[in-house]
Structure formats: C-alpha cells, structure tokens
Amino acid sequence: MLVRRQPLVIAVAQPRTIAYDVVANAAGHADMVWSAQARVVVFPELSLTGYELDAPAVTADDPRLAPIVDACAETGSTALVGAPVQGEAGREHIAMLAVDGAGARVAYRKRHVHRSEERFTPGDGPAVLDVDGWRLGLAICRDTRFPEHDAATAALGMDVYVAAVLDHARDAHAPAERAQRIAADRKVWVATASFAGSTGGGFDEAAGGSAVWAPDGGILAQAGIEAGEIVAATLRDCAAAR
C-alpha cells in the first residue's frame, strides 16, 4: 500500500550575525523562524557565534537559546542552528543543534574539519534527523566535498541532505555544484543554508545563495547574496510505507 507523507516545508536562512553575540544572534534566528513559517528552518555553519573559531562553546541547555525554542514552539518548527559545542573528554566540535519547542540538542558534529579548525575534533559519523517521517541527512560545510560522507549518510536512509555551509564570495559556485552532484548521486532533495555578509576567519564577503534543490538537480528556491534573506520550498512525496 502506498502512503503519502505530509509535505515538508523547509526553509534556508541567511541571518545577520554579530561576532560572538549569542544573545543577539539567537533573537535574530527566532525572528527568522517566525518569518519562515516552515516545518524545518536551516541556518549556516556556526550561525550562533559567527565563524569565530575561538568563540566559547554553547551548550544545548544554554538559556540564551530560549527565543529560538519559543519561536519553534509557537510555529511548530524545528530549527537547525550552528554552534561550537563541548564533547567528551574535553573535546570540542563544530556542531548543528536541533531546536524545537521542547528545547535543543546536538544533532550532528562536523566530520571533515579543516586544518584551520584545529581546536575542533571531527565528529564520529553521519547522522539523520527524523521530522514527520522525512529523514534529514545532516552535513556541515566541508563535509559536502566528500562523496563518502553523503554516501554514508544515504546509507542511513536519508530523504533530504541538509547542509550548513560557509563559502567566500569568490567560491559562490561551490555550494550549487556540490548540491547538484549530491542530488544526482543520491536521488534526494538538498537544502543548503549558506552564510551571507561577513564573518571571521577571513570571510569578509560570504557567498550567500542559500537554496533548495530537487532530486533532479533543479532549483526549487534560492536566496540572493544579502544577509537577512530566507527562502522556502515545499517537498512532496508519495512513497511506500517505511
């Protein structure tokens, strides 16, 4: 028997980020969740702190996340936000937090850290997040360069590859090229939230261009290059019961 899952509205956001200021950034994230009115809202890499590699770690129970929790509670959204977090034995990770009306938790830790990110330990493997029967495969920035990452994530049964990225404006082509390759190889939707504006680490002009791609590689929605933009797409599916 075939069953139709409910459509999934997914948004990709380009917040205005203030370096190190989790309080201000969380408020801005909450505003974008309200604006999106989407089931899932994806934010870029390290969106809560900016790409400041010395920013203090954020905990899942950090009270500064309350505005995002409240916005998600009111809208029924799940927000995927970027932050540095602490792990076991004093290790630290570049992570993706899943925030909903019940609170926040670490959903994924970046696997393919860059040599410039030496403070951080690579995560221990791929991860998927289930939202209303849609399985979201999670990735952070450099992970998207490696086919073995999306292959391992696909092996977990993903429907959508969700990436939080940061690229310089001169490399603005990279997120789209990688997304289209992943869509073609894995036959899945791809949603990429790409940092816009300026941030640390030499990213004085980030690429923006956040977008959602269909499994055939076609663009369903795409933002421009400015911070503050958010776009959404509705994913529809008819599949056999899992």
Side-chain angles (χ1 to χ4, degrees), residues 1-12 38-47 60 72 77-83 85 87-88 91 93-100 102-114 120-165 175 177-194 210-217 220 233-242:
M1 177 180 178
L2 293 180
V3 295
R4 186 182 296 274
R5 288 179 291 189
Q6 290 296 311
L8 181 74
V9 181
I10 188 166
V12 286
R39 185 66 179 92
V40 177
V41 186
V42 188
F43 291 88
E45 181 178 24
L46 293 176
S47 60
C72 288
S77 301
T78 294
L80 301 178
V81 306
V85 302
E88 297 178 353
R91 298 182 181 91
H93 305 276
I94 295 174
M96 185 182 288
L97 302 178
V99 185
D100 60 22
R105 65 183 179 87
V106 178
Y108 176 70
R109 298 166 179 84
K110 185 176 184 178
R111 176 64 180 157
H112 295 280
V113 298
H114 190 267
F120 299 102
T121 300
D124 56 6
V128 296
L129 178 69
D130 190 287
V131 177
D132 300 340
W134 293 81
R135 292 177 64 80
L136 311 182
L138 307 179
I140 299 175
C141 205
R142 195 165 179 263
D143 292 334
T144 64
R145 292 183 55 185
F146 298 92
E148 57 265 34
H149 183 272
D150 49 270
T153 309
L156 300 178
M158 71 173 171
D159 301 300
V160 190
Y161 191 74
V162 176
V165 309
E177 290 176 355
R178 294 171 188 170
Q180 290 172 329
R181 194 268 309 160
I182 293 164
D185 287 354
R186 312 301 166 203
K187 310 303 181 191
V188 296
W189 288 268
V190 180
T192 299
S194 177
S210 300
V212 182
W213 289 264
D216 65 3
L220 300 178
T234 301
L235 313 186
R236 294 181 171 87
D237 183 50
C238 182
R242 294 179 182 272

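The analysis underlying the following values was restricted to heavy atoms, covering all of them including side chains, and did not include hydrogens, waters or symmetry mates.
- Within the 4.5 Å cutoff, no side-chain heavy atoms of Leu138 are placed close to those of Val128.
- Nearest heavy-atom pair across Ala38 and Ala11 is CB-CB, 3.9 Å.
- When all heavy atoms are compared, the tightest approach of Gly123 to Arg111 is O-NH1, 2.7 Å.
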Go through the steps for Arg5 and Asp237 under the test salt bridge (Lys or Arg N to Asp or Glu O under 4.0 Å), then give the verdict.
CA-CA 6 Å; Arg5 288 179 291 189; Asp237 183 50; 2.2 Å; yes
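- Residues Pro175 and Trp213 come closest through the heavy atom pair O-CH2, 4.3 Å.
- Side-chain contact check for Lys110 versus Glu45: some heavy-atom pair is nearer than 4.5 Å.
- At least one side-chain heavy atom of Val165 sits less than 4.5 Å from a side-chain heavy atom of Ser194.
- The shortest non-hydrogen separation linking Ala95 to Val85 is CB-CG2, 3.5 Å.
- Here Pro126 pairs with Ala152, Thr153, Leu156 under the side-chain contact (heavy atoms from CB on, under 4.5 Å) rule; sequence neighbours left out.
- Ser77 places no side-chain N or O within donor-acceptor distance of the main-chain N or O of Val40, the cut-off being under 3.5 Å.
- Applying the side chain to side chain donor-acceptor pair (under 3.5 Å) test to residues at least two apart or on different chains, the pairs with a partner in residues 123-134 are Arg39-Asp132.
- Heavy-atom contacts from other residues, nucleotides or ligands closer than 6.0 Å to CD of Gln6 number 12 or fewer.
- Not less than 6.0 angstrom separates the ring centroid of Phe120 from the ring centroid of His93.
- Closest approach of Val42 to Ala163, counting heavy atoms only: CG1-O, 4.2 Å.
- Formation of a donor-acceptor pair under 3.5 Å by the Thr121 side chain with backbone atoms of Arg91 is not found in this model.
- The side-chain contact (heavy atoms from CB on, under 4.5 Å) test with Trp189 singles out one residue from Val162, Ile10, Ile182, Leu235, and that residue is Leu235.
- To the nearest 0.5 angstrom, Glu177 atom CD is 12.0 Å from Arg145 atom CZ.
- Using a 4.5 Å heavy-atom cutoff, the side chains of Arg109 and Ile94 are not in contact.
- A distance of 12.0 Å separates SG of Cys141 from NE2 of His112, quoted to the nearest 0.5 Å.
- In terms of heavy-atom proximity, Ala214 sits nearest to Ala183 at O-CB, 3.7 Å.
- Between Arg135 and Asp159 there is no salt bridge, since none of the side-chain N atoms of the basic residue sits less than 4.0 Å from a carboxylate O of the acidic one.
- When each of Leu129, Leu97, Val99, Val41 is paired with Leu80, the side-chain contact (heavy atoms from CB on, under 4.5 Å) condition holds for Leu129 and for no other.
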Derivation and outcome, side chain to side chain contact (heavy atoms under 4.5 Å, CB included), residues Met96 and Ile140:
CA-CA 8 Å; Met96 185 182 288; Ile140 299 175; 4.2 Å; yes
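- Screening residues 180-189 for salt bridge (Lys or Arg N to Asp or Glu O under 4.0 Å) gives Asp150-Arg181, Asp150-Arg186, Arg181-Asp185 as the qualifying pairs, with residues at least two apart or on separate chains.
- Contact annotation: the side chain of Val190 never approaches that of Val160 to less than 4.5 Å [non-hydrogen atoms, C-beta and beyond].
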